[in-house]
Amino acid sequence: MSKSVKDLMKEKSSRQKSLQFTEKAMPLFFLACAIISILTTLGIVFTLAKETVTFFSAVPILEFLTGKEWYPFFKNDPSFGILPLLSGTFLIAGVAMLVAVPIGLSSAIYLSEYATERTRKIVKPILEVLAGVPTVVYGLFALTFVTPLLQTFIPNLPIFNALSPGIVVGIMIIPQITSLSEEAMGAVPNAMREGALALGATRLEVALKVILPGSLSGIISSVVLGISRAVGETMIVSTAAGSTPKFTLDVTESIQTMTSYIVQVSMGDATYGSTIYYSIYAVGMTLFLFTLLMNLLANYMSRRFREEY
């Protein structure tokens, strides 16, 4: 009997030692993962910065930032003005947000304030499936379905244009805006809803005048993150928007975005070490800075409009 007690004591001691080792080792593992993430980010920034500096040793930075022509493949007189790529990128993002914000917020309001628990369990997984569709599939959908459909209303619409991929990018962003906004609305205390209803407000008035202001910080963050997603989208615009860099705001024209230019050059259209090759790093750095600014803006606006309950 005493032997069995000793065995139990040994087992308990062994488990305690194992638990102590785990408690000491896991924080170090988590720290290592965090350090790897930070070093990876620093490595990306360093690579972009290094190659971008090489590009600007051949192309004046003022010409790059203010030029309205982007013709890097011209042998005699190449132009490296990034404004056409910027206008194409923001044109796509603008169309996308015109589609995604109204539909996404309306869906979030419905799920948060009107939908039953059963309906919510059906609709949310469908939105998650929509978010998981590969972007190349969205691109083919824009090229082979949305563009021909738009051509029935706009007969002169070319096969490659900014309108069709912009709409499809907006459809792709809807689940993100809906999910984040619905979570922000769900965080508003029920006491706010019940108090407004007790004062005679309708459910629509509660949603628009109580819930929306109360969740404004989360909604703004979801919209800004949606813009970042639209700015960085690659496959949809590469497939359906064309590869014609134009400084224009006409959504019916073929355009080129920063990401689609990077794809074009990465496919082997430029010689390693050439100015065209280094230009993709300059464009990538520009894209990185815009995305970083959008994320910082999202954090700032989230803090600025957060309401205390």
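For this chain, numbers begin at 1 and follow the sequence in order.
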Give me the atom names and distance for the closest heavy-atom approach of A230 to A96. CB-CB, 4.3 Å

side-chain hydrogen bond (donor to acceptor under 3.5 Å, both in side chains) assessment of T119 paired with T116: CA-CA 5 Å; T119 303; T116 62; 2.9 Å; yes

Please round to the nearest 0.5 Å and tell me the distance separating atom OH of Y138 and atom CD1 of I236. 7.5 Å

E51 side chain vs Y278 backbone, donor-acceptor pair below 3.5 Å: no

For Y71, is there any backbone N or O sitting under 3.5 Å from a side-chain donor or acceptor partner on E69? no

Side-chain donor/acceptor of S260 to backbone N/O of T257, under 3.5 Å: yes

Please check if the side chain of T178 supplies one atom and the backbone of P175 the other of a donor-acceptor pair under 3.5 Å. no

Taking the six-membered ring where the residue is Trp, are the ring centres of Y261 and W70 under 6.0 Å apart? yes

How long is the gap from CG on D250 to OG on S87, to the nearest 0.5 Å? 11.0 Å

Let me see the working for T291 and S228 under side-chain hydrogen bond (donor to acceptor under 3.5 Å, both in side chains), right down to the final yes or no. CA-CA 6 Å; T291 305; S228 298; 5.7 Å; no

Can you classify the ring geometry of F141 versus F145 as parallel (below 30°), tilted (30 to 60°) or perpendicular (above 60°)? parallel

Euclidean distance, I167 CD1 relative to L98 CG, rounded to 0.5 Å: 10.0 Å

Under 3.5 Å: donor-acceptor pair, side chain of R193, backbone of E113: no

Got a second to check how far L111's CG is from E183's CD, nearest 0.5 Å? 11.5 Å

Any donor-acceptor pair under 3.5 Å linking the side chain of T244 with the backbone of I255? no

Distance from F247 atom CZ to L86 atom CG, nearest 0.5 Å? 9.0 Å

T47 side-chain N/O to G43 backbone N/O, donor-acceptor pair under 3.5 Å: yes

Quick check: are there more than 12 heavy atoms from other residues, nucleotides or ligands sitting under 6.0 Å from CG of L292? yes

Dump the intermediate steps for side-chain hydrogen bond (donor to acceptor under 3.5 Å, both in side chains) on S164 and T147, then the final yes or no. CA-CA 6 Å; S164 173; T147 297; 2.9 Å; yes

Aromatic contact, F64 with F56 (centres under 6.0 Å): yes

Flag, side chain of S222 to backbone of L180, donor-acceptor distance under 3.5 Å: no

